[in-house]
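Since the structure comes first, as structure tokens, the remarks are kept for the end.
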Amino acid sequence: MKGVFAVLQATLVAVASAATVADNSAADRCPGYKASNVKTSAHGLTADLKLAGKACNAFSNDLEHLKLVVSYDTAERLHVQIVDTDEQVYQVPESVFPRPASGGADRKSSVLKFDYKSNPFSFSVSRTKTGEVLFDSSAASLVFESQYLRLRTRLPASPNLYGLGEHTDSMRLPTSGYTRTLWNLDNPGVGQNQNLYGSHPIYYDHREGSGTHGVFLLNSNGMDIRIDSDKDGHQYLEYNTIGGIFDFYFLAGPSPIEVSKQYAQVAGLPALTPYSGLGLHQCRWGYATIDEVAEVVANYSAAKIPLETMWTDIDYMEGRAVFSLDPKNFPLDKVQSLVKQLHDNTQKYVLMVDPAVAAKDYAPFHRGVDKNAFMMFKGDVYRGVVWPGPASYPDWFAENTTAYWNNEFAQFFAPDTGVDIDYLWIDMNEPSNFCEFPCDNPHRRRELGPSQQVVRSSLASREETLHKGLPGRDLLFPKYQIATQDGLLPNKTARPDLVHANGLTLYDTHNLYGTMMSSFSRAAMVARRPTKRPLVITRSTFAGAGTHVSHWLGDNVSTWEHYLWSIRGMLAFASLFQVPVVGSDVCGFGGDTTETLCARWAMLGAFQPFYRNHNAIGQRAQEFYRWPSVAAAARKAIDIRYRLLDYFYTALREQSASGAPCLNPMFFLYPADEATYGLDAQFFYGPSLLVAPVVGDERTTEASFYLPKDTFYDFYTHEKVVGEGKTVTRPDQKLDDLPLFLRGGTITPLRRASAMTTSKVREQDFELVVALDDEGAASGSLYLDDGESIDQHGKTTLINFAYKDGVLSGSGTFNYVTDSAISKVTVLGGSAANAKTSSSGEVKQALTGAFKIDMAKLMG
């Protein structure tokens with residue numbers, strides 16, 4: 001949702017200004033470290049690192065003694081850690097980011113090779129087979145201080161780098177004078193060259209001719225990552241963090257898709273969304289009453305635009321306090337009546353929940369205080385200011401917070417006595433705070449009993465101090481100031497010097513707050529519906545968030561720039577960060593959209609995994625039925641999307657099982673084609689469908705896109721299109737036009753008809769579209785389950801299709817019972833010179849077991 005959207009007017013222009021980047025030249029005088037006591041084994045290496053000269057204390061105190069731990073985790077993954085000898089420095093808790101198994105491979109089997117130099121210490125990672133160096137820290141001396149760490153790696157000239165989100169910059173990152181700052185921030189308007197809502201410290205380095213590798217730094221502290229050239233013209237990437245350790249995972253690839261899959265093994269495989277979560281969602285901040293919400297539902301139905309899920313923003317709350325209903329405008333009986341109406345029509349309902357609980361005289365706050373579930377400050381419950389005014393933030397590390405959060409969900413969302421939501425929206429979880437620092441606990445406090453007056457005792461034993469963070473740090477204004485868009489660490493968030501119940505500080509865990517709310521909220525949703533897969537949409541994320549939740553791209557603006565940027569953000573999260581169900585606020589959140597922009601965005605949004613129309617209070621209404629042209633575009637787009645639901649659900653299931661991305665940037669499928677490396681306005685939706693939207697402005701009526709040297713087929717006409725490695729222009733694109741192409745060599749399952757709800761779509765038969773490659777062959781797959789259960793109890797179907805020599809075959813597992821059958825097969829292309837563009841045949845193939853269909857015979 002918003003941010004402080006009184007700032008709304010400032011977001012109506014795409015902001016491109018960046019915060020000031022700190023001068024870190026003082027670190028150049030640091031002596032680095034010297035390695036000794038090196039011990040090697042088949043599975044890795046350890047060494048002691050000692051400061052190689054006089055401490056420079058560039059931005060804080062140098063740590064004199066470190067240790068190096070190297071592990072060959074798998075044949076394709078190398079793990080390198082540089083930590084303090086006493087292990088007091090903060091490390092990301094395993095409870096938040098579970099570690100993959102370590103040391104399972106050996107040097108002989110690894111495709112990556114670790115080398116080091118002793119004095120000054122540096123290390124490199126290279127490909128075992130070719131010797132190509134992928135990472136080389138000798139570019140600058142290693143700096144490891146109590147509040148500043150620096151490590152620089154050499155890069156090839158003009159590198160192709162991707163990742164380091166969340167941002168709206170080009171997908172292929174700039175390489176000159178560029179800084180990516182990671183410090184989660186409520187940043188309405190999502191401008192370029194700024195830190196946004198999430199932190200994903202992984203980059204992909206794609207090198208023509210030698211492949212792709214990935215580098216993931218597991219560190220949740222604020223950081224600047226600089227990409228630039230030194231005075232001698234040598235390209236580099238440099239980490240500047242204000243805490244934590246160097247905890248690197250090197251991923252060998254060698255293809256971009258393989259790197260993504262390898263990253264999934266580190267960050268965790270993403271959760272599979274419920275099938276109905278792929279339907280159309282409608283929301284608005286500013287639906288003032290439940291009657292207005294119901295009217296929107298009715299209007300979608302009257303316009304014959306399929307609506308799967310209706311949402312309500314903070315308008316439903318009493319005084320904008322979570323876990324409350326406005327008794328006048330959203331009375332419980334009327335809300336329940338609408339929810340029942342939606343459920344009777346197999347539609348869904350969503351409410352939003354912020355983390356901060358109103359610090360006032362109401363039960364959710366009192367229960368949180370009684371449970372010691374909130375962040376504390378100076379012996380009292382900490383208060384910031386968010387939508388309800390003074391509000392307190394759950395401490396996700398406190399012992400009773402799980403029980404507290406689960407109980408609030410169980411009570412407020414109870415089917416009989418509350419609002420029986422189906423899915424969940426969580427927001428403001430960076431965490432956001434409107435109160436200008438220092439904001440020392442605004443307004444009156446509730447008196448606390450002795451048991452709740454928590455004062456953090458000094459930690460003594462090694463077990464108590466292990467990975468908790470060094471004492472004596474400046475947790476508010478560290479000397480090295482990262483380039484956060486709001487200036488200083490405490491600005492617009494809960495103060496970083498807050499201490500969690502387990503002794504960790506928010507200074508270290510700030511970037512984890514949103515992803516921890518995500519896991520707690522998913523667990524609370526499962527607790528109230530134990531057998532059902534929840535869909536939880538979050539704003540703030542950290543690496544690994546996809547294992548729990550999905551993401552929307554935040555408070556964008558109704559401009560053509562943001563329309564384009566939504567593609568970049570979507571591709572980054574789905575293909576690079578392993579958060580596959582992602583999408584933008586379609587038609588834009590802030591500012592007034594236009595008919596043309598909304599129609600184009602309705603078409604584009606249908607090919608974003610999460611498809612929601614949402615905008616801000618005070619802006620022009622933009623439900624799809626508001627303009628005839630937009631309604632027509634939406635109906636056409638949703639018809640295609642819904643017929644493709646099972647195709648895309650199959651891709652999502654594959655990503656949840658193996659990490660193979662459900663969306664692919666062009667270079668993922670054409671890694672040898674240099675012309676694809678910078679493309680971020682076209683993409684593959686699933687493995688076979690190329691989406692090439694109209695990009696430009698109000699006057700643009702042509703679509704220009706690049707077709708690699710490959711065989712394609714127009715999705716609408718089935719015309720064969722031979723890619724020549726050139727840009728193609730399609731003129732005269734109406735508002736409901738969006739070029740789509742099937743890639744040769746693929747088999748795409750579609751439902752034969754769409755419907756008003758996804759449950760009705762699931763009743764339709766299938767058509768298989770067989771797009772032949774130059775050899776006359778094709779393959780594809782189809783996954784079926786009940787669409788909602790967490791445990792399918794083995795009742796799933798996974799069919800692998802193959803077409804060769806005129807015969808279509810299907811094999812696999814067939815344990816999901818469905819009345820839907822394959823009732824049509826369409827073959828596109830052919831090897832014969834006089835082959836028709838497409839041929840179709842009606843069939844009746846049940847999905848109960850393996851089969852073969854002689855298409856040549858069927859079609860004469």
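Side chains included, hydrogens not; waters and symmetry mates left out as well; all remaining heavy atoms used.
- Considering every non-hydrogen atom in both R154 and S138, the closest pair reads NE-OG, 3.3 Å.
- With Q147 contributing its side chain and I242 its backbone, the two residues share no donor-acceptor pair below 3.5 Å.
- Remark: R172 is not positioned above the aromatic ring of Y677, lacking an NZ or CZ atom under 6.0 angstrom from the ring centre and at most 45 degrees off the axis.
- In this structure, I245 and F144 have side chains that are in contact, with non-hydrogen atoms separated by less than 4.5 Å.
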Practice prompt. Apply the test side-chain contact (heavy atoms from CB on, under 4.5 Å) to residues N240 and M223: give CA-CA distance (whole Å), side-chain angles for both, the deciding distance (0.1 Å), then the verdict.
Written response: CA-CA 5 Å; N240 298 265; M223 67 180 74; 6.0 Å; no

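- The minimum heavy-atom distance linking A660 with K261 is given by the pair N-CG, 3.5 Å.
- Judged purely by atom type and a 3.5 angstrom limit, D73 has no side-chain atom pairing as donor or acceptor with the backbone of R77.
- With ring centers used as reference points, F248 lies under 6.0 Å from F250.
- Annotation: side chain of N184 is not in contact with side chain of Y197 (no heavy-atom distance under 4.5 Å).
- For the residue pair E87 and H467, a side-chain donor N or O sits within less than 3.5 Å of a side-chain acceptor on the partner.
- D230 contributes a side-chain N or O that, together with a main-chain N or O of D232, makes up a donor-acceptor pair within less than 3.5 Å.
- Side-chain N/O atoms of T509 and H500 include a donor and acceptor closer than 3.5 Å.
- Listed for the Q235 side chain is a donor-acceptor partner under 3.5 Å among the backbone atoms of D228.
- At a threshold of 4.5 Å between non-hydrogen side-chain atoms, the residues P478 and Y507 count as touching.
- Y685 and N664 share no side-chain donor-acceptor pair at under 3.5 Å.
- No donor-acceptor pair closer than 3.5 Å links the side chain of S656 to the backbone N or O of L272.
- Counting only heavy atoms from C-beta outward, the side chains of L553 and F573 approach each other to under 4.5 Å.
- Between F97 and F216, the ring centre distance stays below 6.0 Å.
- Of the candidates Q91, K468, R473, D508 forms a side chain to side chain donor-acceptor pair (under 3.5 Å) with just one, namely R473.
- We find that K804 and E775 are not joined by a salt bridge, their nearest charged nitrogen and carboxylate oxygen being 4.0 Å or further apart.
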Worksheet item: Is there a side-chain contact (heavy atoms from CB on, under 4.5 Å) between T797 and T813 once you walk through the steps?
Response: CA-CA 5 Å; T797 288; T813 57; 5.5 Å; no

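- Between the D84 side chain and the L66 main chain, no donor and acceptor come within less than 3.5 Å of each other.
- At a cut-off of 3.5 Å, with distance as the only test, no side-chain donor of N195 or H167 sits close to an acceptor on the other residue.
- Between F577 and H200, the distance separating the two ring centers is shorter than 6.0 angstrom.
- Of all heavy-atom pairs spanning T273 and Y649, the tightest one is O-CE1, 3.5 Å.
- At most 12 non-hydrogen atoms from other residues, nucleotides or ligands lie less than 6.0 angstrom from CZ of R29.
- Aromatic rings of Y263 and Y204 (six-membered ring for Trp) have centroids beyond the 6.0 Å cut-off, not under it.
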Discussion item. Between H548 and V579, does the side-chain contact (heavy atoms from CB on, under 4.5 Å) criterion hold? Intermediate values first, please.
Written reply: CA-CA 9 Å; H548 309 293; V579 184; over 6 Å; no

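- In this structure, R743 satisfies the cation-pi test against F684, with its NZ or CZ atom closer than 6.0 Å to the six-membered ring centre and inside 45 degrees of the ring normal.
- If you check the side chains of E76 and Q265, you find no donor sitting under 3.5 Å from an acceptor.
- For L663 against A574, the heavy-atom pair with the smallest separation is CD1-CB, 3.7 Å.
- Two residues are said to be in side-chain contact when any heavy atoms from C-beta on lie closer than 4.5 Å; Y239 and D224 fail this criterion.
- The heavy-atom pair separating N800 from S781 by the smallest distance is OD1-CB, 3.9 Å.
- Atom-to-atom distance recorded for S122:OG and F135:CZ is 10.5 Å, nearest 0.5 angstrom.
- Here the closest non-hydrogen pair linking S260 and G659 is OG-O, 3.8 Å.
- Rounding to the nearest 0.5 Å places CD1 of I227 at 5.5 Å from CG of L164.
- Here the side chain of E145 pairs a donor or acceptor atom with the backbone of F59 at under 3.5 angstrom.
- For the residue pair D673/T676, the side-chain donor-acceptor check at 3.5 Å is not satisfied.
- The distance from the CZ atom of F542 to the CG atom of N219 is 7.0 Å, given to the nearest 0.5 Å.
- A salt bridge links R568 and D680; the closest N-O separation between the charged side-chain nitrogens and carboxylate oxygens is under 4.0 Å.
- With hydrogens and angles disregarded, a donor-acceptor distance shorter than 3.5 Å links the side chain of E166 to the backbone of G198.
- Figure legend: cation-pi geometry between R653 and Y783, with NZ or CZ positioned under 6.0 Å from the six-membered ring centre and within 45° of its axis.
- In this structure, T711 and D773 have side chains that are not in contact, with every pair of non-hydrogen atoms separated by 4.5 Å or more.
- Interatomic distance, T85 OG1 to K50 NZ, rounded to the nearest 0.5 Å: 11.0 Å.
- Under the 4.0 Å criterion applied to side-chain N and carboxylate O atoms, D785 and R533 are assigned as salt-bridge partners.
- Counting only N and O atoms by type, the side chains of R180 and N193 include no donor and acceptor under 3.5 Å apart.
- A donor-acceptor contact under 3.5 angstrom links the side chains of S658 and E654, judged on distance only.
- Side-chain contact between W183 and N221 is absent, with no heavy atoms from C-beta onward closer than 4.5 Å.
- The closest side-chain donor-acceptor pair between S109 and Y72, if any, does not fall under 3.5 angstrom.
- Note: F667 and Y162 meet the aromatic proximity criterion, with ring centroids under 6.0 Å apart.
- Between the CZ atom in R150 and the SG atom in C30 there is a gap of 6.5 Å [rounded to 0.5 Å].
- Expressed to the nearest 0.5 Å, how far CZ of F648 lies from OG1 of T748 amounts to 13.0 Å.
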Worksheet item: Where do E258 and L251 land on the side-chain contact (heavy atoms from CB on, under 4.5 Å) test, with the steps shown first?
Response: CA-CA 9 Å; E258 286 301 316; L251 311 172; over 6 Å; no

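- Put simply, the side chain of N57 gets close to the backbone of D62: a donor and an acceptor are under 3.5 Å apart.
- Here the side chains of L49 and I82 are in contact, with some heavy-atom distance below 4.5 Å.
- For the residue pair H79/S71, the side-chain donor-acceptor check at 3.5 Å is not satisfied.
- A donor-acceptor pair shorter than 3.5 Å can be found between the side chains of E132 and S210.
- For the side chain to side chain donor-acceptor pair (under 3.5 Å) test, residues two or more places apart in sequence or in another chain that qualify with D710 are Y670.
- Remark: side-chain polar atoms of T128 are paired, donor with acceptor, to backbone N or O of S110 under 3.5 angstrom.
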